[in-house]
Amino acid sequence: MPFRYTSAFAGDLEQHWQDIWDERGTYFAANPSGPLTDGSGAHATTPGRSFFVMDMFPYPSGAGLHVGHPLGYIATDVVGRFRRMQGDNVLHALGYDAFGLPAEQYAVQTGQHPRITTEANIVTMRRQLRRLGLGHDPRRTFATTDSDYVRWTQWIFLQIFNSWYDADATRPDGGTGRARPIDELVDAYASGRRALPEDAPARTWDELDDVARRRVVDAQRLAYVSDAPVNWCPGLGTVLANEEVTSDGRSERGNYPVYQRTLRQWKMRITAYADRLAADLDLIDWPEKVRSMQRNWIGRSEGARVVFDVANATELESIEVFTTRPDTLFGATFMVVAPEHPLLDAVPAAWPDGTRSTWTDGHASPVEAVAAYRREAGAKTAVERQADAKAKTGVFTGFLARNPVNDQLIPVFTADYVLMGYGTGAIMAVPGGDERDFAFAEAFGLPVVYTVAPPEGFAGGAHTGDGTTINSSNDEISLDGLDVDTAKSTVIAWLEARGAGTGSITYRLRDWLFSRQRYWGEPFPIVYDENDLPIGLPDALLPVDLPDVPDYSPRTFAPEDANSSPEPPLGRNEEWVHVTLDLGDGPKVYRRDTNTMPNWAGSCWYYLRYLDPSDSAQLVSPELEAFWMGPDHNPTAGAAGGVDLYVGGVEHAVLHLLYARFWHKVLYDLGHVTSVEPFHTLFNQGYIQAYAYADARGQYVPADEVVETTAGDGSTTYRWNGEEVQREYGKMGKSLKNVVTPDDMYDAYGADTFRVYEMSMGPLDVSRPWDTRAVVGSQRFLQRLWRNAVDEVTGALVVSEDEPSLETTRLVHRTIADTTVEMEAMRVNTAIAKLIVLNNHLTSLSTTPRAAVEPLVLMLAPIAPHIAEELWARLGHAESLVHHAYPVADPQHLVEDTVTCVLQVQGKVRGRLEVVPGIGEDDLRAMALADPAVLRALDGRGVRTVIVRAPRLVNVVPA
RNA sequence: GCCCUCGUAGCCCAACUGGCAGAGGCAGCCGGCUUAAACCCGGCACAGUGCGGGUUCGAGCCCCGCCGAGGGCACCA
């Protein structure tokens with residue numbers, strides 16, 4: 001049977017259509033102007049119909065794809081194709097996030113330059129994905145490693161470097177606080193409109209020399225170099241951002257220990273955007289889970305800053321604390337500062353009167369005690385600190401502070417449960433209202449005062465719940481009797497009036513550590529002069545390409561070697577590092593920055609490049625950005641704008657998605673984009689997982705050779721070569737010997753079958769196990785469809801031109817109506833089920849009516865585009881169906897002659913009636929009450945009430 | 001410890017605003033086609049929704065408490 005829809009036949013026709021699509025530019029998305037038109041050479045002419053769909057940027061791995069990887073790509077392709085048939089101008093393209101660690105590590109093993117590895121991997125991945133028949137615009141692809149892409153990544157970096165955050169400026173959207181060009185800050189300082197920061201070495205701009213001025217300004221930049229404690233990972237040979245370190249103090253990639261080291265590194269002032277990053281989550285259509293993860297990470301806390309005077313200070317005269325519970329101020333019986341707190345640089349020489357022996361840890365003076373404790377705390381790793389979290393350690397500092405509400409002198413301790421990096425690095429301790437403070441108070445014998453009335457039967461310990469304030473009054477103010485919220489606002493007002501404190505918001509988010517000591521990343525477009533101050537290179541010198549170096553592997557160390565220091569590979573090329581430039585002062589020798597950017601940099605803005613992939617004059621044309629991403633660019637875009645649909649795994653919930661939002665907001669502030677958010681609708685697809693089988697020794701055996709047997713009692717055993725093996729569920733991976741690749745699927749079934757199977761496995765957001773044996777069901781569906789239209793022996797069309805029966809017509813229109821709803825909601829699995837129903841119905845007819853099979857082919861086209869194109873052509877159409885209208889149901893065929901009405905008594909089904917759909921409530925009630933089955937169930941009981949939901953249901957409630 | 005999501009047939013999954021527990025697929029069984037097998041075609045069977053309460057005329061769906069799975073956060077004041 002030469003025309004049977006076999007895998008080989010499918011493969012031929014699929015590649016045939018892929019070639020035709022390429023030749024015709026079928027998937028060219030038209031810009032409203034510029035070089036990119038649709039396949040016929042036309043620009044976009046229908047504003048309001050642009051739809052920008054996007055996948056999370058793939059990393060071109062050397063391991064190749066397995067069947068789990070394309071799930072999201074198929075889903076976006078289906079959506080894109082469906083929208084195209086709905087008349088939208090769909091932009092869908094795919095680029096490659098090609099900088100990063102794996103290529104570098106592979107390079108270390110093989111000695112091959114990462115660029116060669118990366119480019120070879122991209123070629124392989126392109127081939128595998130092309131075979132899938134994705135409707136991407138091939139003109140809009142690129143890799144982050146391309147020199148003309150790197151150029152714009154560096155350009156954006158310089159925009160950020162050349163900006164500062166003016167917390168008082170008004171934005172175009174009406175909010176307060178925005179990035180502004182750094183020159184405007186310089187002008188403001190120079191003109192005296194803005195006072196110099198308090199830590200500046202002089203009062204006025206004129207008194208500062210050039211270097212001092214630059215230091216003042218550099219400290220305000222959104223991208224800045226600072227000496228600060230950072231996450232140093234010797235095993236990876238680089239420093240890492242907080243987001244890349246797990247909660248147990250290890251690197252997310254590689255799982256190596258991470259140490260705190262004070263190093264000079266680049267940071268990005270993402271904290272300036274903390275409030276906007278949190279607040280604008282309300283403007284976008286994201287899964288609640290991801291939004292809450294971001295909110296969590298940003299960690300906004302409302303509270304107050306309160307100043308405690310130090311009674312026996314030598315240098316510092318006060319301690320500022322942050323608290324979310326200012327209402328409990330009267331219960332503050334001691335204070336705690338972090339071991340790194342500057343207050344501890346000079347502590348009293350002797351213990352004050354009243355010092356308890358348990359507070360001193362046996363030391364003769366506060367100086368000794370604090371020095372010993374600081375040493376101890378500094379030596380602890382994050383893991384150790386974590387492990388000791390329950391046991392509270394600490395030592396008295398010798399300081400006594402004055403509680404501003406009641407003038408009581410309270411001891412100041414240092415303890416490592418207070419973190420320098422959060423709030424002010426100091427707390428007021430309220431053991432009556434905080435469990436950690438209570439544990440510390442117990443360990444050190446400190447008094448407990450309750451300021452919130454505990455509930456009856458209170459068992460002791462800290463009372464953290466709500467209640468009425470007690471024990472909280474002085475001569476001027478009383479909080480007693482107030483609820484927690486009122487007490488908070490009352491005491492804040494009192495503190496503010498006295499200058500002892502102020503309402504305040506604190507964030508958990510820290511500035512983003514942005515430099516890495518690796519080779520395979522974007523170099524910083526920065527040089528240093530003889531003062532060791534950074535200078536941004538002018539646009540004309542971009543891009544700064546990676547130099548050749550003798551050895552591009554990062555210098556790594558023993559993973560536990562905490563005292564090692566990072567060594568950037570770029571520093572190994574002296575000729576590159578020292579460069580003579582004329583930056584306005586005549587030719588001078590400068591030193592280049594030898595760090596590279598983290599691989600998040602390229603993915604922070606790639607969506608903009610899809611819009612305008614070859615622009616060399618500007619980042620992105622403002623017209624194109626507004627057209628594809630601007631606020632209200634289509635009916636669902638909303639006021640924030642952004643990519644219409646963004647599909648990817650949930651693993652980037654905090655990292656990539658937070659960084660990209662931050663960059664986008666900077667670009668917004670600086671006027672480069674009109675959208676407030678980069679991604680309007682986010683969808684997390686589930687993962688395709690797989691079974692793996694291990695023998696008695698724990699060795700994995702090839703999963704595709706395992707035989708499953710079910711015993712009489714229903715228990716299942718798995719055997720490989722006769723030997724019993726254990727089944728595990730999890731990832732697909734080479735070492736687990738359970739990998740199935742798309743190439744395997746293309747060979748055995750063809751791309752369309754593979755696509756149908758992946759889409760029919762279940763809802764897109766649910767993870768599910770791969771089952772190769774089940775794929776045949778999808779192939780049978782396509783085979784049946786093929787046979788319904790084409791003779792397998794002759795290849796002749798076998799459809800009839802006769803009018804279909806009323807039953808068939810109604811089913812066709814019902815299917816159209818249903819699949820439209822399902823596809824719009826991205827429920828492709830249920831849409832496929834409805835197509836199978838229609839197809840199975842057509843199979844039961846002696847001949848297939850054209851009027852039924854044509855809509856079916858069109859409805860299938862987004863999911864299985866190749867077979868749909870082929871059938872469409874065989875049905876006599878010269879034009880591709882890619883841009884053909886999706887069928888529209890005729891309402892007159894959606895009505896039915898009769899519907900089944902369910903008769904219930906007391907909620908239990910007792911009978912059924914066939915009724916006309918328009919039947920009236922009263923008629924239906926009468927029919928139900930006369931129904932023999934209902935009467936039998938009532939068994940003589942009276943009727944209390946009858947609930948009628950015409951025409952589907954009547955429920956009789958007996959008395 | 002806190003928070004979120006999910007538990008429906010042997011398996012993957014449907015079930016609208018609370019209204020007949022079943023759309024589709026896999027596997028299974030029976031029959032047809034075939035010299036035979038595979039493919040294919042036709043048919044059949046299979047759960048009362050993790051457990052225990054509650055609300056309701058009516059609960060897979062809403063509420064409360066458990067159990068199990070997955071995920072996030074975790075000395076953040």
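Proteins get letters first, then strands, A, B, ... in listed order; numbering begins at 1 in each.
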Could you tell me whether the side chains of A/S778 and A/Y749 share a donor-acceptor contact shorter than 3.5 Å? no
Is A/R295 salt-bridged to A/D282, cutoff N-O under 4.0 Å? yes
What is the distance, to the nearest angstrom, from the CZ atom on A/F781 to the P atom on B/rG24? 13 Å
What integer number of Å spans the P atoms of B/rC30 and B/rA38? 12 Å
Within the 4.0 Å heavy-atom criterion, would you say A/A774 contacts the bases, only the backbone, or no part of the nucleic acid? sugar-phosphate
Regarding A/N788 and A/T843, do their side chains bring together a donor and an acceptor under 3.5 Å, going by distance alone? yes
Paired to B/rG68 by Watson-Crick or G-U wobble criteria (both distances under 3.5 Å) is B/rC6
Scanning all shown strands, the Watson-Crick or wobble mate of B/rG19 with both distances under 3.5 Å is B/rC57
Just the atom pairs and distances: protein N or O near nucleotides 67-73 of chain B's N or O, under 3.5 Å.
| unit_1 | atom_1 | unit_2 | atom_2 | d |
| --- | --- | --- | --- | --- |
| B/rG71 | O2' | A/K289 | NZ | 3.1 |

Remember a base hit wins even if backbone is also touched, and classify A/T945 as base, sugar-phosphate or nothing at under 4.0 Å, heavy atoms. nothing
Rounded to whole Å, the CG-P distance (A/L811 to B/rG24) equals 11 Å
Conformer about C1'-N of B/rG72 - syn within 90° of 0, anti elsewhere: anti
Please report the distance separating the P of B/rC3 from the corresponding atom of B/rC64, rounded so that it comes out in whole Å. 12 Å
In whole Å, measure the gap between the C1' atoms of B/rC20 and B/rA15 for me. 11 Å
Which part of the nucleic acid does A/R814 contact within heavy-atom distance under 4.0 Å: base, sugar-phosphate only, or nothing? nothing
How would you label the contact of A/S292 with the nucleic acid (heavy atoms, under 4.0 Å): base, sugar-phosphate, or nothing? nothing
Distance between the P atoms of B/rU35 and B/rG24, in whole angstroms? 33 Å
For A/T424, report the nucleic acid contact type (base, sugar-phosphate, nothing); a contact means any heavy atom under 4.0 Å. nothing
Pairs meeting criterion salt bridge (charged side-chain N to carboxylate O under 4.0 Å, His left out) with involvement of residues 766-785 of chain A, two or more places apart: A/E708-A/R773, A/D771-A/R773
Does any nucleotide pair with B/rC73 by Watson-Crick or G-U wobble geometry, both distances under 3.5 Å, and what is it? B/rG1
What I'd like to find out is whether the side chain of A/R374 reaches to under 4.5 Å of the side chain of A/T414, using heavy atoms alone. no
Value in whole Å for how far the P atom of B/rG24 lies from CD1 of A/I863: 16 Å
What is the separation between atom CG on A/N684 and atom P on B/rC6, rounded to the nearest whole Å? 14 Å
Quick check: do A/L838 and A/M859 have side-chain heavy atoms less than 4.5 Å from each other? yes
Interatomic distance at P, B/rG42 relative to B/rC33, whole Å: 15 Å
Any side-chain to backbone donor/acceptor pair from A/T6 onto A/F9? Under 3.5 Å, distance only. yes
Separation between the P atoms of B/rG68 and B/rG52, rounded to whole Å: 16 Å
Inter- and intrachain pairs under salt bridge (charged side-chain N to carboxylate O under 4.0 Å, His left out), touching residues 753-763 of chain A, at least two apart: A/D77-A/R755
Nucleotide N/O of nucleotides 32-38 of chain B paired with protein N/O under 3.5 Å:
none

Ion pair A/R810/A/E807, N-O distance below 4.0 Å: no
For the C1' atoms, the ones on B/rU56 and on B/rG19, what distance do you get once it is rounded to whole angstrom? 12 Å
Do the non-hydrogen side-chain atoms of A/R305 and A/T424 ever get within less than 4.5 Å of each other? yes
We want to know whether A/N684 and A/D765 form a side-chain donor-acceptor pair, criterion being a heavy-atom distance below 3.5 angstrom. no
Salt-bridged, A/E822 to A/K834, with N to O below 4.0 Å? no
Stepwise salt bridge (charged side-chain N to carboxylate O under 4.0 Å, His left out) check, A/E914 with A/R912: CA-CA 7 Å; A/E914 288 299 313; A/R912 289 179 179 79; over 6 Å; no
Donor-acceptor pair between A/W297 and A/E243 side chains, under 3.5 angstrom: yes
In the strands shown, is B/rG48 matched to any nucleotide by a Watson-Crick or G-U wobble pair with both distances under 3.5 Å, and which? none
Under 4.0 Å between a Lys/Arg side-chain N and an Asp/Glu carboxylate O for A/E302 and A/R300? yes
Closest-nucleotide mapping onto RNA chain B: is A/Y422 or A/R773 further toward the 5' terminus? I mean the 5' end. A/R773
Does one side chain, of A/N242 or A/R510, offer a donor that lies under 3.5 Å from an acceptor on the other? no
Using a cutoff of under 3.5 Å, can you pull out all pairs of nitrogen or oxygen atoms linking the protein to nucleotides 11-21 of chain B, with atom names and distances?
| unit_1 | atom_1 | unit_2 | atom_2 | d |
| --- | --- | --- | --- | --- |
| B/rC12 | O2' | A/M761 | O | 2.8 |
| B/rC13 | OP1 | A/S767 | O | 3.4 |
| B/rG19 | O6 | A/R949 | NH2 | 3.3 |
| B/rG19 | N2 | A/Q904 | OE1 | 2.9 |
| B/rG19 | N2 | A/N955 | ND2 | 3.0 |
| B/rC20 | O2 | A/R912 | NE | 2.8 |
| B/rC20 | O2 | A/R912 | NH2 | 2.7 |

Can you check the distance between B/rU8 and B/rA14, where both ends of the measurement are the P atom (answer in whole Å)? 11 Å
B/rU35 - base-pair partner by Watson-Crick or wobble geometry, distances under 3.5 Å: none
Atom pairs under 3.5 Å, N or O on each side, protein against nucleotides 39-44 of chain B: can you list them with distances?
| unit_1 | atom_1 | unit_2 | atom_2 | d |
| --- | --- | --- | --- | --- |
| B/rC39 | O2' | A/R4 | NH2 | 2.5 |
| B/rC40 | OP1 | A/R780 | NE | 2.9 |
| B/rC40 | OP2 | A/R780 | NE | 3.3 |
| B/rC40 | O3' | A/R787 | NH2 | 2.9 |
| B/rC41 | OP1 | A/R784 | NH1 | 3.3 |
| B/rC41 | OP1 | A/R787 | NH2 | 3.3 |

Atom-pair distance (CD on A/Q294; C1' on B/rC3), nearest Å: 17 Å
Which residue, A/A833 or A/A426, contacts RNA chain B at a nucleotide closer to its 5' end, judged by nearest heavy atom? A/A833
